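A short worksheet on the structure shown next.
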Amino acid sequence: MGTYDMLNNKQREAVFKTNGPVLILAGAGSGKTRVLTYRISYLIEQEGVNPWNILAITFTNKAAGEMRERVDDLVGHGAEQIWVSTFHSTCVRILRRFIDRIGYDTNFTIYDTDDSKNIIKEVCKKLSLDTKQYKERSLMAAISSAKDELISPQEFLRNAAGDFVQEKIAEVYQAYQNELKRNNALDFDDLIGKTVELFRKVPEVLEHYQERFRYIMVDEYQDTNTAQFELIHLLAQKYRNLCVVGDDDQSIYKFRGANISNILDFEKVFPEACVIKLEQNYRSTQNILDAANQVIRNNRERKEKALWTDKGQGSKIHFRQFDTAREEAEYIADEIARKKRRQEVRLKDCAVLYRTNAQARLLEEYFIMQGIPYDVVGGVNFYARKEIKDMLAYLKTIDNGQDDLQVRRIINVPKRGIGAATINKVQAYADEQEISLYDAMRFADQIPGLGKSAQKLEGFVTLIQSFRSKLEFYSLEKLMKELIEMTGYVKAMEESDEEDVPDRIANIDELISKIVAFEAENEEATLRSFLAEVALVADIDNVDGQEDKVLLMTLHSAKGLEFSHVYLAGLEDGVFPSYMSIVDEDPTAIEEERRLAYVGITRAKDELTVTCARSRMNRGETQYNPVSRFVREIPANLLDTRVPGEKRFSFRESDSFEDSESDYSGFSGFSGFSGFGTDGGRGKKGFGVRPGTERPKAVKKDKTTAQDKKPFLVRGLDSLNGVGGLQKGTSGKGRLEYGAGDRVRHVKFGDGTVLAVAEEPRDYKVTVAFDGYGQKIMYAGFAKLKKI
DNA sequence: CGTACTAGTCTTTTT
DNA sequence: GACTAGTACG
């Protein structure tokens, strides 16, 4: 069959090796998705494998969707029978069917991080733990990593071996687990853990799935944790047709329990494994690959490999350093706008990647100023937003009244005059009767001491009950719309004087459209299936890449994606690599960051621009950071530090890359900065000063050559007046004091005439012809235009 | 019971 | 700087 001619030798080997365990070490851009899809099609078409017997596990829903699409194109029929999904959705499907075998109800709800945190809080209160000493955050982290390692509360307690703090954590863990069970809920980690438990405790269920999944494929294998590994291991045990694809250099989820030894030691667990390396890269230019290779070779914990391409050298990697993060953002926005004007790029070919979500803010400001359409991936997950969680809490309560947490969330939202005192009385009654909070409310008239509140509770119960009865003959869309109507949720929001009401209403509208889309895509769209799907949606899943917009996202979100033009922002020691990783005594912390750098660099197909700032505002304080060690690891001959003919040139002589070495030695000379120099801070602990904090004078130099600029501290203040307050700016869509034809003043662009004002859901879009700067489209909330 | 203000924490990344 | 939890007050 000619189809397979499109593959290179190694890829073909990986496709044709269908029996027994296979480890495919697939470098970035080496066509691993292609290999997986062809492998599936080969199994079906050439080896006559029943599509029903194939399981493909991916990392995100987006990846799963793409894989299914590509398999659909390759395989004539039966493709819909293949089970392609994420670890979490796979487990949900299994548990919905069989979890009753281990004592849970099959209509369990799924808790997100926010829900879990609330439970932890409750538990701490019950155990009267001091949350100053035992931070909810670290308790959650401890419990989560225990679950990642399949450690039960009992085992945790045993391991504590008398350590008081550990024993306390074990106690919290146990209580947390009890509470989840009482609410008939599972958290993210439980989805995996309970499936493993089910397989271990109920052999016939395991057997059933072993028989079904005779061919198993796992994508992004380097990111699996111990529990996920065990799950796969159990499933594959019988037929041993397990094919895992991954790249140890792209393992970036250690904080989430990913165990890199799963990939490094695959051959120990499966001695008969066949190992195939894919090293030809089809994505990037040689310069980009060389840079990536040179950076990653500084890691010790890895399998040796070297990517190559026949794509040609390409341009050098552009490196720019700025005085402030603000100038960095401005540069990136200007640069993309410039390329767009010259028609050198489509916006959707550009992405800006950064280490932390907070960095998106400044970039957004300047993209808006330039009128460049963009999307920010991530930040607060859509389904984690307050108003969305409220709506979902209603839906969950209608679906399943067992979940006290959801009931508590909405009982007084919008305000019904039901306060803490009332809830406590109901809770006491519920505890006494051993029923759920909601069920207790149904018998409000029997609860002593409620007084007038009993009526209010009745109203709430009637509301929920009426929706329950409508459930079977209402569409989800109708249910949702009527819910908003009957609860008066949006109405109450509109009447409140909160600031971001238009945004939040837009989010609720968005939720309705998601429900509509869900019903369109699924024939049997039930409330329960909707809630289950929604719990496992990642931000990246909603990126379709069709719209012509620049994408802004964290390096983590960018894994698996590629763009012609990539901007890596904030390449500073203390930002990237993160401060945390630098001070960590474990040297592999930096290695994880380096892998992240590797992921970032290898996202670029043609042009890569790396930027950093000398000073940056971080949680209210200005930091002064040196250039990232990762930039220094890129050989100088691959970098260009200035572009001929570039209009704005903001580099001081001393900042050209060759000279910057002296900057580093200067840095490591300061007592406060030891550990940030070339020695990488090996094992040094306890220097209390964060990178650059409180030491502006030491870093700032007098040689300012760019005469169009004020010293950056002053400039920072100026800019605050101009475009500060991003959040508030977008949210409060008040009345405008100007309209078309009016003269206005802008902090940066000076005076101009308003040409048009267009109303948008969040804000007003204003077109202004500036006297000096030409025509600009901007959002009123940000632009802060003054009528003159 | 609801509100308005204050103090403390936080960020590194997310299914 | 921004968000949140906790508190004091009406």
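Values reported hereafter were calculated over all heavy atoms of this structure, with side chains retained and with hydrogens, waters and symmetry mates removed. Order of the sequence lines sets the chain letters (A, B, ...), proteins ahead of strands, with each chain counted from 1. All values reported here derive from a predicted model rather than from experimental measurement.
- Residue order along DNA chain B, read from the 5' end via each residue's closest nucleotide, puts A:Arg355 first among A:Arg355 and A:His88.
- A:Asn357 has no side-chain polar atom (N or O) that falls below the 4.0 Å cut-off from OP1 or OP2 of B:dT11.
- Taking every side-chain heavy atom of A:Thr554 into account, B:dT14 is the closest of B:dT12, B:dT14, C:dG1.
- Near-neighbour residues of DNA chain B inside residues 185-197 of chain A, defined by a heavy atom below 4.0 Å, number-ordered: A:Phe188.
- OP1 or OP2 of B:dT11 lies within a sub-4.0 Å distance of a side-chain N or O belonging to A:Arg137.
- Residues passing the side chain to side chain contact (heavy atoms under 4.5 Å, CB included) test with A:Val413, sequence neighbours excluded: A:Asp390, A:Tyr489.
- Contacts of A:Ala538 with the nucleic acid, taken as non-hydrogen atoms under 4.0 Å apart, involve only primed sugar atoms and P, OP1 or OP2.
- As judged by a 4.0 angstrom heavy-atom cut-off over every strand, A:Tyr253 is placed among residues touching the sugar-phosphate backbone only.
- Regarding A:Glu122, its CD atom lies at a distance of 13 Å from the P atom of C:dA5, rounded to whole Å.
- Atom P of nucleotide B:dT11 and atom CZ of A:Arg256 are separated by 17 Å, given to the nearest angstrom.
- In terms of the ring pair (Phe, Tyr, Trp, His ring centres under 6.0 Å) criterion, residue partners of A:Tyr221 (sequence neighbours excluded) are, by chain and number, A:Phe266.
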Atom pairs, protein N/O to nucleotides 1-5 of chain B N/O, distance under 3.5 Å:
from, atom 1, to, atom 2, distance (Å)
B:dC1, OP1, A:Gly419, N, 2.9
B:dC1, OP1, A:Thr422, OG1, 2.9
B:dC1, OP2, A:Ala421, N, 3.1
B:dG2, OP1, A:Asn412, ND2, 3.4
B:dG2, OP1, A:Gly417, N, 3.4
B:dG2, OP2, A:Asn412, ND2, 3.2
B:dT3, OP2, A:Lys415, NZ, 3.3

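- Between the P atom of C:dA5 and the CG atom of A:Asp114 lies a distance of 9 Å, rounded to the nearest Å.
- Between B:dT15, B:dT12, B:dT14, one nucleotide has an atom nearer to the side chain of A:Asn381 than all others, and that is B:dT15.
- The CZ-P distance, from A:Phe630 to B:dT12, rounds to 15 Å in whole Å.
- Here A:Ser557 reaches the OP1 or OP2 of B:dT14: one of its side-chain N or O atoms lies under 4.0 Å away.
- For B:dT13 and C:dT4, the P atoms lie 15 Å apart once the distance is rounded to whole Å.
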All N/O contacts under 3.5 Å from nucleotides 7-10 of chain C to the protein, with atom names and distances to one decimal?
none

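- For A:Thr90, the side chain to side chain donor-acceptor pair (under 3.5 Å) partners two or more places apart in sequence, or in a different chain, are A:Ser85.
- Side-chain contact between A:Lys147 and A:Ile143: present, with at least one pair of heavy atoms (C-beta onward) separated by less than 4.5 Å.
- In this entry the distance linking CZ of A:Arg361 with P of C:dA2 reads 7 Å, nearest Å.
- For the pair A:Lys194 and A:Phe108, the cation does not sit on the ring face, since its NZ or CZ is not both under 6.0 Å from the ring centre and inside 45° of the axis.
- Under the side chain to side chain donor-acceptor pair (under 3.5 Å) criterion, A:Arg594 pairs with A:Asn299, A:Glu633, sequence neighbours left out.
- Inter-residue side-chain proximity for A:Ile582 and A:Arg629 is flagged as met; some heavy-atom pair is nearer than 4.5 Å.
- Looking at heavy-atom distances under 4.0 Å, A:Phe59 makes contact with sugar-phosphate atoms alone, never a base.
- In this structure, NZ of A:Lys125 is placed 10 Å from C1' of C:dG6, rounded to the nearest angstrom.
- When heavy atoms are screened at a 4.0 angstrom cut-off, A:Glu593 is found touching base atoms of the nucleic acid.
- When heavy atoms are screened at a 4.0 angstrom cut-off, A:Lys135 is found touching the sugar-phosphate backbone but no base atom.
- Under the salt bridge (Lys or Arg N to Asp or Glu O under 4.0 Å) criterion, A:Arg616 pairs with A:Glu328, A:Glu572, not counting sequence neighbours.
- Applying the side chain to side chain donor-acceptor pair (under 3.5 Å) test to A:Glu136 and every residue at least two apart in sequence or in another chain returns nothing.
- Take A:Tyr253 and apply the ring pair (Phe, Tyr, Trp, His ring centres under 6.0 Å) test, not counting sequence neighbours, and it matches A:Phe59, A:Phe255, A:His556.
- Between A:Lys117 atom NZ and B:dT14 atom P there is a gap of 16 Å when expressed in whole angstrom units.
- Stacking between A:Phe255 and the base of B:dT13 is present: ring centres sit under 5.5 Å apart and the planes differ by under 30 degrees.
- A 4.5 Å side-chain heavy-atom check between A:Leu596 and A:Phe576 finds at least one atom pair inside the cut-off.
- The side chain to side chain donor-acceptor pair (under 3.5 Å) check on A:Ser89 picks up A:Thr86, with sequence neighbours excluded.
- Looking at heavy-atom distances under 4.0 Å, A:Lys121 makes contact with sugar-phosphate atoms alone, never a base.
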Taking only distance into account, with no hydrogens and no angle test, what donor-acceptor pairs under 3.5 Å do side-chain atoms of residues 528-535 of chain A form with protein atoms, sequence neighbours excluded?
from, atom 1, to, atom 2, distance (Å)
A:Arg528, NE, A:Asp399, OD1, 3.2
A:Arg528, NE, A:Asp399, OD2, 3.3
A:Arg528, NH2, A:Asp399, OD1, 3.2
A:Ser529, OG, A:Thr526, N, 3.0
A:Ser529, OG, A:Thr526, O, 2.9
A:Ser529, OG, A:Thr526, OG1, 3.0

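- Across the protein-nucleic acid pair, A:His556 atom NE2 and B:dT14 atom P stand 7 Å apart, rounded to whole Å.
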